[in-house]
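Below is one structure, written out as C-alpha cells; comments come after it.
Keep in mind it's a predicted model, so treat the numbers as computed, not measured. Here is how names work: the chains are called A, B, and so on, in the same order as the sequence lines, proteins then strands, and each is numbered from 1.
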Amino acid sequence: MSIQSENTFQAIISHAKEYGFVFPSSEIYDGLSAVYDYGPYGSELKKNIRDYWWKSMTQMHENIVGIDAAIFMHPTIWKASGHVDNFSDPMIDNKDSNKRYRVDHLIEAKADQLTAAGKSEEAATLIATMEALLAAEDFGGLKKLIEDHKIVCSVSGTGNWTDVRQFNLMFSTEFGAVSDNEEDNKVYLRPETAQGIFVNFLNVQKTARMKIPFGIAQTGKAFRNEIVARQFIFRMREFEQMEMQFFVRPGTEGTWYQYWKEERLKWHLSLGLPATKYRYHDHVKLAHYAKEACDIEYEFPFGFKEVEGIHSRSDFDLTQHQQYSKKKQQYFDNDIDESTGKPYGNYVPYVVETSIGLDRMFLLLLSNAYEEEVLTKEDGTTDTRVVLHLPAKLAPVKLAVLPLTKKDGLPELAQQLMRECKPYFHCFYEEKDAIGKRYRRQDAIGTPFCVTIDHQTKEDGTVTIRYRDSMLQERVAMSALKDLVMKEIF
RNA sequence: GCGGAAGUAGCUCAUUUGGUAGAGCGGUAGCCUUCCAAGCUUCAGGUGGCCGGUUCGAGCCCGGUCUUCCGCUCCA
C-alpha cells in the first residue's frame, strides 16, 4: 500500500536533498539556476547507472567501443554540425501575447505588407536596413526599427515588445590566455557529446580495427544555455549524456533504427522498471539532421517526458565534417554486394544514434523507487516508512552490516563480514541505535540487503538477512553472504 | 522570457492586528534495551534567502534581487 500524494515530486526533491542524493549547486550563495550537485549517495547511484549503461554497450556488444572526448572542441565543428547557424537568430517577444518571433521574420512580413500596398521602395529600404543591423548585431537598432515602423504582434495587435535578444543555446568561453580578437579565440562548451564521436570516427575505426556495422559509445558532460531550465534535475544547464553512435552501411539504417529502438527499451525494462510507465513517441517534425527519430518517454510525476532519443541521422554529420574539414570521412567496405558480386567499396556511413540523459535516468529511478509505505504492526497500529525500491544492481549501498548489540563480541564478527564483502561491493556498517531504526535508515537510501549479527551467530555462524522490499528475514550462513549478494547485483 | 505561487533549523511546519523565533521528525554523544523509526539524558543547528526602505521597533508592511515550484513559451 502506498500513499501516492499529489506532492510526490516535492517529496522526492526533499528526500534527495535530505539523504544526500542531490543538492542545489552553490547553495550557500543562494544557488545557481538549474545547476545541481550530486551528494554522497547520489554520486554513487549516478556512477552505477553510468557503469551499467557502459557495460551494456561496450562489454556486451563486441562491435561497440568507447571513447572519452574533450569538452572543448574546434569551433568549426559547431558550424559543421549546424549548431551555430540554427541558433544565432535574434528573437523578440511580445509582452502582451507572450509570443516569440524571429526578428527577421517579423520585419520581412512587414516588408511584404508594404509591397502589397504598392510601397515596394519603402519595403526594399526596410529590408536593407534590417540586413545592415543584423550584420552589425545591433539589437537596439533592430528594436528601434520595429518600433519606428509600428510593427505589431499578429496575436495581441500591440507593439509592446521586449528587447531583442540572441538565443544561442551554446555556452562560449575564450581559449588561450592572450586575446587580440575575442571572436578568433571563442570556443564553445559542447552542447552534445555526439560530435566528439563523429570527429573521431576514422581514428576509432582504424585503431580498433572496427568493421561496419559498429558503434562508438561515450558518456560525458554537455552544456546548454536553456532559456527555461526547470523541474529539478530534469532540465539542467550542465548535464551528462550517454550516447552511442552506430555506423551502418547506407540502406540498412532503417533496420538498425528499429533494432536500437527495441533494444534500448529492453535495457530500461532489464532494470525491472514497469513497462506501463514507458512509451515511444515518434517524431513527426524532424530535426535538420534526422531521417527518423523517436523518444523513449517515461511517466514522471509531472507527466510523460523524454528520457532517451533514438535518431537515424543519415550521413549528415560525417558529410558535413568531410566538407568543413576537407578530410574524407569514408569507410572501405570489403563485404561483397550480392547484387554486383563486388565489394561495397567506399562510402560515408549512415548513423543511428541512441542518446540518453544520465541525470534524467537518475530522476526516473528515483521517481520509480520512492514510496511512502504504510505498515500495519502486530498490535494493529500503523506506521510509515520511506523506502527507495532501487534496482539492487544500481543501489548506492548494497549491504548494511548491523550487529544487534555493540557488546558481546558481535561488532567483531560484523567487522569480519565487512572485511569479507567490502572488496566486492559497497557496504555500510552501523552499530548505533535500535535495529528497527537502522533498517529504516537503509530503506531511505535504497539499500537492498541488511544483515544482522546476533548471539546465535557466535554459536552457529548464521546471520539474519533482511530484504528491503518485502522486509522478510532469513537465516543464512555468514560465509554464504558475499556470494548471495553478488548473485543479486550482477 | 511572460503570468501565478512560495522562501523561517537537515526535513515538514508554527509564530492571531509589527514588540529581538518555537515544535515534531531528523542529527550528535551517552545510558538502557535488543529484530523493524521504543524510552531517558546531553549537545549541536536559524543575523527569518539576500539588499534596501518605512517605523522607536520588521520574519510580518513596501521596493528590488536571487532561488524554487506551477501554467504558457522554448527544447537543434
Check this for me: does the side-chain of [X] come within 3.5 Å of the base of [N] through a donor and an acceptor?
X	N	answer
A:R466	B:C36	yes
A:D454	B:C35	yes
A:Y439	B:C35	yes
A:S14	B:C11	no
A:R385	B:C36	no

State whether [X] places a side-chain N or O below 4.0 Å from either non-bridging phosphate oxygen (OP1 or OP2) of [N].
X	N	result
A:R441	B:G27	yes
A:T405	B:U33	no
A:K17	B:G10	no
A:K437	B:G27	yes
A:S33	B:U68	yes

Exercise for review: Give the rounded distance in Å between these two atoms: CD of A:Q10 and P of B:U12.
Suggested key: 8 Å

Point to revise | Ionic contact status for A:E488 with A:R468, cut-off 4.0 Å | key: no

Check your understanding: Is the closest side-chain donor-acceptor distance between A:T462 and A:D460 under 3.5 Å?
Key -> yes

Exercise for review: Scan side-chain atoms only and decide if A:Y370 and A:H15 contain a donor-acceptor pair under the 3.5 Å cut-off.
Suggested key: no

Practice item. Anything below 3.5 Å on both distances counts as a pair; with that, list the stems of at least three consecutive Watson-Crick or G-U pairs involving RNA chain B. Key: B:1-7 with B:66-72, B:10-13 with B:22-25, B:29-31 with B:39-41, B:49-53 with B:61-65

Expressed in whole Å, how much space separates the [atom1] atoms belonging to [N] and [M]?
N	M	atom1	answer
B:A38	B:G45	C1'	25 Å
B:C61	B:U42	C1'	42 Å
B:C35	B:C50	P	48 Å
B:G3	B:G64	P	12 Å
B:C74	B:A37	C1'	45 Å

Practice item. Specify whether A:F362 and A:Y38 have parallel, tilted or perpendicular ring planes, treating 30° as the upper limit for parallel and 60° as the lower limit for perpendicular. Key: perpendicular

Review point. Where the side chain of A:M471 is concerned, which of B:C70, B:C36, B:A38 is the nearest nucleotide?
Key: B:C36

Exercise for review: Answer yes or no for A:R237 and A:F223: cation-pi contact, defined as NZ/CZ to six-membered ring centre under 6.0 Å and angle to ring axis within 45°.
Suggested key: no

**Study point:** Sugar-phosphate, base or nothing in reach of A:A16, heavy atoms under 4.0 Å
**Key:** nothing

Exercise for review: May I ask you to check whether A:F300 and A:F9 place their ring centres under 6.0 Å from each other?
Suggested key: no

Review point. Which pair of non-hydrogen atoms, one from A:K291 and one from A:S314, has the smallest distance, and what is that distance?
Key: CD-CB, 4.4 Å

